[in-house]
Amino acid sequence: MKKILFISHDANRAGGQIVLLQLLQHLKQRGVSMHLLLCSDGPLEDDFRALLPTTRLPRLGDVYLNGFLSQFLKILGFENYLKQRILERRWQKFRDYMMAQDFGLIFVNTIGSAATYHQLTFLTAPTVLFAHELEMSIKKFSDPSDMDYLMSRTNHLIVVSKAVANYFHKNYQYPHHQTSTFQIIDAPQILKNIEEGKKVDIRKKMGLPNNAILVGGCGHAEWRKGNDVFMMVAQQVIKRCQTKPIYFVWVGMNPNSELYEVQRFDAEKMEIADRIIHVGLTSEVFQYLSQFDVFALTSREDPYPLVVLESALAAKPIVCFDKAGGTPELVETDAGFVVNYLDETQMSDRIIELIENPSLRDELGQNAKRKVLERHPTIESVDNVMKIVHELCH
């Protein structure tokens with residue numbers, strides 16, 4: 001079997017990239033010949049490079065001139081011209097190198113890589129698209145012409161949930177017989193990470209009382225993730241349960257971002273600043289996920305987030321919105337609660353119900369864990385990928 005080219009839009013510590021890293025680890029164990037093209041950098045880049053040969057896409061932002069030469073050329077008006085010429089030479093070397101690899105298959109991870117794929121017209125191998133996105137993400141992170149080109153060249157589509165499958169069938173008329181619906185997670189490794197995370201007392205770490213009840217959220221903070229909704233729900237729950245030590249903890253909020261400042265401003269005005277904790281970007285996510293009491297997915301749109309599966313494996317009940325992606329497909333009626341879209345009061349009601357009923361929390365959390373283990377067996381998921389690869393890669 002020929003070498004497979006994997007494309008990742010960056011190496012940030014986010015769901016799609018973590019899933020890709022886990023998949024590559026399993027494929028390497030099976031002796032698959034692979035190469036990774038990174039479109040941008042991120043904290044996982046060293047992990048990727050330690051695992052397989054990795055190439056960075058040539059970018060103008062990566063062309064640097066020494067200080068004196070740069071200033072001199074800028075005065076003359078030639079700095080950008082020279083940088084463009086250097087970039088053109090790098091692109092020629094990049095094309096020659098990539099073509100010499102003789103790839104038998106291109107595996108595009110996330111639609112965030114659509115623009116890069118459109119630049120690789122010199123590669124003609126069959127293509128698999130692993131789609132983790134829905135409408136708003138596709139509009140935000142891709143151009144329609146890039147998406148049209150990618151979809152016209154995609155030989156097989158892997159999607160993470162029925163919600164994503166339905167979106168691609170409806171909006172791109174992508175055929176059902178070329179679509180596979182499954183998520184790829186390394187459940188055994190996640191369970192190990194959860195046990196390791198439990199060794200750190202995060203209540204003590206955050207300076208909270210031992211009996212603190214933690215309602216958690218997690219992810220790169222943005223409009224789509226519903227951080228504003230998280231705050232509104234927190235306000236309702238905390239004000240209605242004033243005698244209980246309830247804290248809302250969001251993991252993944254960049255303290256240098258404007259959104260962080262806005263959220264802290266709102267928390268002060270809501271008079272709940274001491275009950276809202278924003279944890280920055282961290283590699284210690286499992287310390288928090290493993291010790292939340294309830295996981296609140298306030299996303300307006302989330303195809304089938306890895307953090308939900310990780311929370312489920314930590315046996316945490318999940319509260320989410322209907323019509324907001326694929327999470328309701330897991331939660332259903334026995335792993336938490338699915339409430340009406342953006343109904344903050346209904347979400348608050350269900351969170352309070354879970355807070356007041358520890359046995360219900362435990363029951364729904366254990367159901368969530370069982371369902372993930374039953375529905376997303378790691379080896380079977382990797383087998384599914386290998387089957388698709390063998391059918392297309394010759």
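These numbers come from a predicted model, not from an experiment.
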Taking [X] for the side chain and [Y] for the main chain, is one N or O donor matched with an acceptor at less than 3.5 Å?
| X | Y | answer |
| --- | --- | --- |
| Thr54 | Leu52 | yes |
| Asn171 | Tyr167 | yes |
| Thr154 | Leu157 | no |
| Arg203 | Ala212 | yes |
| Lys369 | Ala314 | no |
| Gln346 | Asn340 | yes |
| Thr378 | Ala187 | yes |
| Lys239 | Ile272 | no |
| Trp250 | Gly219 | yes |
| Glu329 | Ala163 | yes |

Which pair of heavy atoms, one from [X] and one from [Y], lies closest together, and at what distance?
| X | Y | answer |
| --- | --- | --- |
| Met147 | Ile138 | CG-CG2, 4.1 Å |
| Ile355 | Lys244 | CG2-CD, 3.9 Å |
| Leu297 | Thr327 | CD2-OG1, 3.3 Å |
| Met253 | Gln263 | CE-OE1, 3.5 Å |
| Ile111 | Ser137 | CD1-O, 3.9 Å |
| Leu342 | Phe321 | N-CD2, 3.2 Å |

Joint cluster assignment, [X] & [Y], ILVMFWY side-chain distance < 4.5 Å:
| X | Y | result |
| --- | --- | --- |
| Val215 | Leu360 | yes |
| Phe230 | Phe292 | no |
| Val308 | Leu364 | no |
| Val319 | Val251 | no |
| Val108 | Phe168 | yes |

Distance-only side-chain donor-acceptor flag, [X] / [Y], under 3.5 Å:
| X | Y | value |
| --- | --- | --- |
| Arg89 | Gln92 | no |
| Asn357 | Glu353 | no |
| His156 | Ser180 | yes |
| Asn12 | His220 | no |
| Asp10 | Ser8 | no |

Centroid separation [X] to [Y] less than 6.0 Å:
| X | Y | result |
| --- | --- | --- |
| His35 | Tyr97 | yes |
| His169 | Tyr174 | no |
| His132 | Phe130 | yes |

Quick one: salt bridge (charged side-chain N to carboxylate O under 4.0 Å, His left out) partners of Glu45, sequence neighbours excluded?
->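 In terms of salt bridge (charged side-chain N to carboxylate O under 4.0 Å, His left out), with neighbours along the sequence ignored, Glu45 is linked to Arg49, Arg56.
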Keeping to residues at least two apart or across chains, list the salt bridge (Lys or Arg N to Asp or Glu O under 4.0 Å) pairs with something in residues 206-224.
-> Lys140-Glu222, Glu222-Arg224, Arg224-Asp302
Hey, mind stepping through Leu5 and Leu105 against side-chain contact (heavy atoms from CB on, under 4.5 Å) and telling me if it holds?
-> CA-CA 6 Å; Leu5 173 64; Leu105 181 71; over 6 Å; no
Tell me, with the steps shown, if Val331 and Phe337 meet side-chain contact (heavy atoms from CB on, under 4.5 Å).
-> CA-CA 7 Å; Val331 175; Phe337 294 107; 5.7 Å; no
Set of side chain to side chain donor-acceptor pair (under 3.5 Å) partners for Asp383, sequence neighbours left out | Arg30
Strictly below 4.0 Å, N to O, side chains only: are [X] and [Y] in salt-bridge contact?
| X | Y | result |
| --- | --- | --- |
| Lys3 | Asp102 | no |
| Arg240 | Asp349 | yes |
| Lys205 | Glu284 | yes |
| Asp228 | Arg300 | yes |
| Glu332 | Lys371 | yes |

Hey, could you give me the [atom1]/[atom2] distance between [X] and [Y], rounded to the nearest 0.5 Å?
| X | Y | atom1 | atom2 | answer |
| --- | --- | --- | --- | --- |
| Asp293 | Ile246 | CG | CD1 | 9.5 Å |
| Ile7 | Thr110 | CD1 | OG1 | 9.5 Å |
| Thr179 | Ile158 | OG1 | CD1 | 10.0 Å |
| Ile202 | Ser290 | CD1 | OG | 6.5 Å |
| Lys162 | Tyr304 | NZ | OH | 10.0 Å |
| Leu38 | Thr55 | CG | OG1 | 9.0 Å |

Hey, what's the ring geometry for Tyr149 with Tyr117, parallel, tilted or perpendicular (30° and 60° as the breaks)?
-> tilted
Among Glu196, Glu195, Gln189, whose side-chain hydrogen bond (donor to acceptor under 3.5 Å, both in side chains) with Asn193 holds?
-> Gln189
Can you check whether Phe107 reaches Ser113 side chain to side chain, under 4.5 Å on heavy atoms?
->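 No, side chains not in contact.
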Do other residues, nucleotides or ligands put more than 12 heavy atoms under 6.0 Å from the [atom1] atom of [X]?
| X | atom1 | value |
| --- | --- | --- |
| Glu374 | CD | yes |
| Met99 | CE | no |
| Asp274 | CG | yes |
| Tyr341 | OH | yes |

Report the C-alpha distance between Leu20 and Leu36 in whole Å, list the side-chain angles of each, state the deciding distance to 0.1 Å, and finish with yes or no for side-chain contact (heavy atoms from CB on, under 4.5 Å).
-> CA-CA 10 Å; Leu20 176 62; Leu36 176 65; 4.3 Å; yes
When you look at Leu259 and Trp223, which way does the side-chain contact (heavy atoms from CB on, under 4.5 Å) test go after all the steps?
-> CA-CA 9 Å; Leu259 183 55; Trp223 173 86; over 6 Å; no
